[in-house]
> 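Here it is: the structure, laid out below.
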Amino acid sequence: MAINAGSTQSVDLHVELDSLPISVAATTTIREFDAATFIEANVDGRSIRRRRFAIDDEKVVHVHIEDDGQNVDITFADTDDEDIGQITISHGGAQPKTFKVDINGIGSSQELKDAIIGSNADEFDVVGDREPPSIDPFALFEAARNQPEYAVFMRNERPDIAGNASETTDAFGPYVPLIEKGGDKSWKCAAACLIPACGLLCLFWFKRSKKKSTGLVARDI
């Protein structure tokens, strides 16, 4: 079951990844088929901000990424072709650039750039002037998944990145790193997880409402 519409919740988490201290304050608001997530984090003394705005059951998702004052805005959108997505990027408010992404290629890519298609693929850049901290989204979820506060915040649901693996005795159960068609999730989460240090946002990416199932299942972490 996806999270109920019309709700707001917040959580503070403290984890360590390879002796790297991470403190995260997250707030998510759901209104019908729209959602917003706000994240303030301190990663080993560095100021990290993440924002996500999902519109109309994730037909369009806008992500704001900021590391020590350097920022990039990324918009993920569906197209008329169910196998092709659109990604628009603006660094520090500069003129945005739009790219096409092979949705089926996201699951087999180590970097999001590997799934970009079209004549301007070489211009694809989600880092810019940022110096993102080294945060493995899979390791981050592993560090947070059994914390009671996180389980309550997520209402005992796995985040979109965790998939629907079999039931176990822990809070979320095992995860399976693959993407497949026909699920209740969005390709946009899988794409965002390939952006350096965007695992902080993916950690709180709730499942879609199931109003309409048109995306891919992002069964990662």
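One is the number of the first residue; the rest follow in order along the sequence.
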> State yes or no: do Val63 and Ile55 share one hydrophobic cluster built from I, L, V, M, F, W and Y residues joined by side-chain heavy-atom distances below 4.5 Å, directly or via other members?
no
> Can you pull the ring pair (Phe, Tyr, Trp, His ring centres under 6.0 Å) pairs that have at least one residue in residues 13-32, sequence neighbours excluded?
none
> Show every ring pair (Phe, Tyr, Trp, His ring centres under 6.0 Å) that has at least one partner inside residues 98-126, sequence neighbours left out.
Phe99-Phe124
> So, using salt bridge (Lys or Arg N to Asp or Glu O under 4.0 Å) as the criterion, who are the partners of Asp68 when residues are at least two apart?
Arg46
> Keeping the roles fixed (side chain from Tyr150, backbone from Leu203), state whether a donor-acceptor pair exists under 3.5 Å.
yes
> If we only count heavy atoms from C-beta on, is the Leu17 to Ile135 side-chain gap below 4.5 Å?
yes
> Once rounded to the nearest 0.5 Å, what's the spacing between atom NZ of Lys188 and atom OG1 of Thr75?
11.5 Å
> Out of curiosity, Thr28 OG1 to Ile39 CD1, how far, rounded to the nearest 0.5 Å?
7.0 Å
> Show me the pairs that pass ring pair (Phe, Tyr, Trp, His ring centres under 6.0 Å) and involve residues 46-70, at least two apart or across chains.
Phe38-Phe53
> Of all residues at least two apart in sequence or in a different chain, which pass the side-chain contact (heavy atoms from CB on, under 4.5 Å) check with Ile84?
Thr79, Asp81, Lys100, Ile117
> Can you find a pair of side-chain heavy atoms, one from Val72 and one from Ser90, that are under 4.5 Å apart?
no
> My understanding is that only residues two or more places apart in sequence, or in another chain, count here; which of them pass salt bridge (Lys or Arg N to Asp or Glu O under 4.0 Å) with Arg49?
Glu40, Glu66
> Taking only residues two or more places apart in sequence, or in another chain, which ones meet Ala54 in a side-chain contact (heavy atoms from CB on, under 4.5 Å)?
Ala35, Arg52, Glu58, Val61
> Residues in side-chain contact (heavy atoms from CB on, under 4.5 Å) with Ala191, at least two apart?
Phe76, Ile106, Leu112, Trp187
> Do the side chains of Gln86 and Asp78 get nearer than 4.5 Å, heavy atoms only?
no
> Side-chain heavy atoms nearer than 4.5 Å, only ILVMFWY residues, links allowed to pass through others: does that put Ile103 and Val60 together?
no
> Does a side-chain heavy-atom distance below 4.5 Å link Ile22 with Asn42?
no
> Just by distance, do the side chain of Asp18 and the backbone of Leu20 share a donor-acceptor pair under 3.5 Å?
no
> Please list, chain by chain and in numerical order, all residues satisfying salt bridge (Lys or Arg N to Asp or Glu O under 4.0 Å) with Lys113, sequence neighbours excluded.
none
> Suppose we screen for side chain to side chain donor-acceptor pair (under 3.5 Å). Which residues come up paired with Thr98, at least two apart in sequence or across chains?
Thr88
> Determine which pairs satisfy salt bridge (charged side-chain N to carboxylate O under 4.0 Å, His left out) with at least one residue from residues 120-132, sequence neighbours left out, and list them in order.
Asp67-Arg130, Lys97-Glu123
> Could you check if a side-chain atom of Thr8 sits within less than 4.5 angstrom of a side-chain atom of Arg31, using non-hydrogen atoms only?
yes
> Among all residues two or more places apart in sequence or in another chain, which pass the side chain to side chain donor-acceptor pair (under 3.5 Å) test with Thr27?
Ser10
> Determine whether Pro133 and Ile48 make a side-chain contact, defined as any pair of heavy atoms from C-beta on separated by less than 4.5 Å.
yes
> Report yes if the side chains of Asp12 and Val24 come closer than 4.5 Å at any heavy-atom pair, otherwise no.
no
